[in-house]
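Below is one structure; the comments refer to it alone.
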Amino acid sequence: MKRHDGIEKTKRELQERVKELNCLYHISEIMDKRELDIHDTLESVVKLIPEGLQYPEFACASIIFDNKNFKTDNFCKTEWRLSADIVMKDIKAGVIDVYYVQNISEDYESPFLQEERKLINAVADRLGTYLERKITEEELRNSEKKFRDIFNNSADSIFIHDLKGNMLEVNDVACERLGYCREEMLKLSVLDIDSPDTAHLAFKRIRKIKKYGEYTFEAVHRRKDGSVFPVEVNSRFIEYGNDTAVLSIVRDISERKKMEEEMNKAQKLESLGTLAAGIAHDFNNLFMALFGNISLAKMKLPPNHPAIESLNSAETAMDRASNLSNKLLTFSRGGEPVKKVLNVEELVRECVDFDLSGSNVKAEIEKGDDLWKAEVDKSQFQQVITGIVVNAKDAMPEGGTLKVKMENAQIKANFVAELERGNYIKISFSDEGKGIERENLDKIFDPFFTTKNLGSGLGLSTAYSIMKKHQGCIKVKSEVGKGSTFILYLPAADSDD
């Protein structure tokens with residue numbers, strides 16, 4: 001009989017151990033489900049804890065963590081309590097409480113078995129490990145998300161590449177500016193995006209980064225379509241995974257280079273203007289003496305003298321030379337404009353119609369609503385318009401259309417290098433001619449530069465000077481075979497007075 005009782009007791013104890021093991025196993029399964037967040041996991045775990053006890057039907061449980069209480073549906077506090085602390089990094093972070101709703105055994109001070117205490121301690125220990133891992137993972141995900149947001153929302157291109165130049169990571173801006181999708185970018189190396197003229201410097205730059213820790217340099221990058229643009233690159237070494245990589249922050253400096261070129265052009269033209277003014281003044285002094293002597297010679301000769309014709313030819317040539325000298329003066333100092341508030345639309349229409357009259361070039365004039373007025377020197381501004389219109393007419397010997405567009409424009413800081421921020425009238429002249437060769441675009445405002453056989457090379461340089469004296473500017477865009485567009489920016493008048 002005793003032997004039978006002993007077997008039954010051992011059997012019951014084994015059954016209890018199996019329940020405890022099953023409880024731990026199922027709790028571990030819940031903790032391994034990565035799709036569950038911490039709260040969902042704790043809600044599931046607390047319901048499993050009573051299943052590992054000797055009398056689950058009389059047990060209830062709760063888990064307190066992060067100021068939240070997760071408990072079974074039948075939870076109530078009684079005098080029969082078993083508790084275990086949840087510890088994270090040696091700090092109490094929560095607690096597990098298990099209660100029997102009634103005293104199951106009269107023979108013991110507590111109805112809980114020693115093995116049940118071990119079970120609750122084991123659950124608390126596993127929860128502490130799980131919560132540490134889960135919180136670390138969430139912090140890492142948040143950190144990665146924050147980094148990814150910064151990475152992709154940067155105004156600059158960002159590249160991470162290994163020491164051989166192979167791309168490891170790029171941001172959205174880099175893909176957009178270079179014209180590749182992300183998958184294409186990650187198959188490239190720095191040699192593929194560097195201009196062929198500077199690609200050979202790539203590994204020399206990596207050595208500089210290694211030497212100085214950080215290196216900033218200018219380069220030229222090449223888009224997928226083959227076009228290039230200037231950039232400023234700041235590079236440094238970083239730890240990427242288990243390897244050393246190069247982090248490069250790349251800024252497109254096309255606008256900055258354009259502004260520098262405009263400033264250099266303005267300084268060059270100002271220097272040339274000073275020189276032209278000196279030459280023009282000296283020439284005018286010589287012309288006065290020559291005109292005077294020719295007039296005296298003609299006065300001393302009879303009207304039918306054979307030398308009169310030669311002297312008249314000399315005077316005609318002197319007139320042309322004098323006009324050229326006056327153009328030099330206008331170029332050099334803009335003729336010091338005498339300004340009045342005028343209706344720009346009427347002035348432009350009048351000049352365009354007059355300059356195109358009798359030609360096979362037609363004008364299409366478009367005006368924006370409520371076009372502002374401007375304070376201009378009428379004769380000088382007419383000279384600017386006439387120069388542009390005549391050039392457009394010469395560019396279309398077979399005929400065509402000159403499109404003129406007038407509109408109000410609010411210029412912000414640094415939008416156009418030569419202009420202060422404020423209100424301007426923008427006037428565009430677009431022809432359908434052969435266009436301007438790329439190598440000539442930077443020279444067309446230089447004095448004496450011309451592609452015409454009989455041109456003086458002072459028309460556009462004079463227009464440039466006049467617009468500058470009016471606190472405006474003249475710009476040009478051109479594509480060979482498609483035509484040219486000259487754009488005038490003229491400050492709007494503060495009032496109609």
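Being a predicted model, the structure only gives us computed values, none of them experimental.
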task: Without swapping roles, check the side chain of Thr485 against the backbone of Ser428 for a donor-acceptor pair under 3.5 Å.
output: no
message: Please determine whether salt bridge (charged side-chain N to carboxylate O under 4.0 Å, His left out) holds for the pair Glu183 and Lys187, giving the CA-CA distance in whole Å, both sets of side-chain angles, and the decisive distance to 0.1 Å.
response: CA-CA 7 Å; Glu183 289 71 21; Lys187 295 176 182 178; over 6 Å; no
task: Could you walk me through whether Glu184 and Lys224 pass the salt bridge (charged side-chain N to carboxylate O under 4.0 Å, His left out) test, one step at a time?
output: CA-CA 10 Å; Glu184 290 174 324; Lys224 184 178 180 179; 3.0 Å; yes
field: salt bridge (charged side-chain N to carboxylate O under 4.0 Å, His left out) between Glu232 and Arg256, intermediate numbers included
entry: CA-CA 10 Å; Glu232 182 181 79; Arg256 190 175 85 190; 3.4 Å; yes
- request: Check for a donor-acceptor pair, side chain of Asn408 on one end and backbone N or O of Asp370 on the other, with a separation under 3.5 Å.
  value: yes
message: Using the side-chain hydrogen bond (donor to acceptor under 3.5 Å, both in side chains) criterion, which residues pair with Ser83? Sequence neighbours excluded.
response: Arg81, Asp97
- prompt: Can you check whether Phe65 and His39 have ring centres sitting under 6.0 Å from each other?
  reply: no
query: Going by an N to O cut-off under 4.0 Å, is there a salt bridge joining Lys47 and Glu43?
result: no
- line: Applying salt bridge (Lys or Arg N to Asp or Glu O under 4.0 Å) to Lys210 and not counting sequence neighbours gives none
query: Okay, side chain of Asp162, backbone of Ala245: is any donor-acceptor separation there less than 3.5 Å?
result: no
field: Glu214/Asn234 under side-chain hydrogen bond (donor to acceptor under 3.5 Å, both in side chains): CA gap, chis, key distance, verdict
entry: CA-CA 7 Å; Glu214 182 179 349; Asn234 177 271; 2.8 Å; yes
field: Check ion pair Asp194-Arg205 (N to O, under 4.0 angstrom)
entry: yes
field: Partners passing salt bridge (Lys or Arg N to Asp or Glu O under 4.0 Å) against Glu137 (at least two apart in sequence or in another chain)
entry: Arg34, Arg133
message: With ring pair (Phe, Tyr, Trp, His ring centres under 6.0 Å) as the rule and sequence neighbours excluded, what pairs involving residues 81-103 come up?
response: Phe75-Tyr99, Tyr100-Phe112
- prompt: Would you say the side-chain atoms of Arg251 pair up with the backbone N or O of Val231, donor to acceptor, closer than 3.5 Å?
  reply: no
- line: Arg207 meets the salt bridge (Lys or Arg N to Asp or Glu O under 4.0 Å) criterion, sequence neighbours left out, with none
- request: For Asp252, check salt bridge (Lys or Arg N to Asp or Glu O under 4.0 Å) against everything at least two apart and list the hits.
  value: none
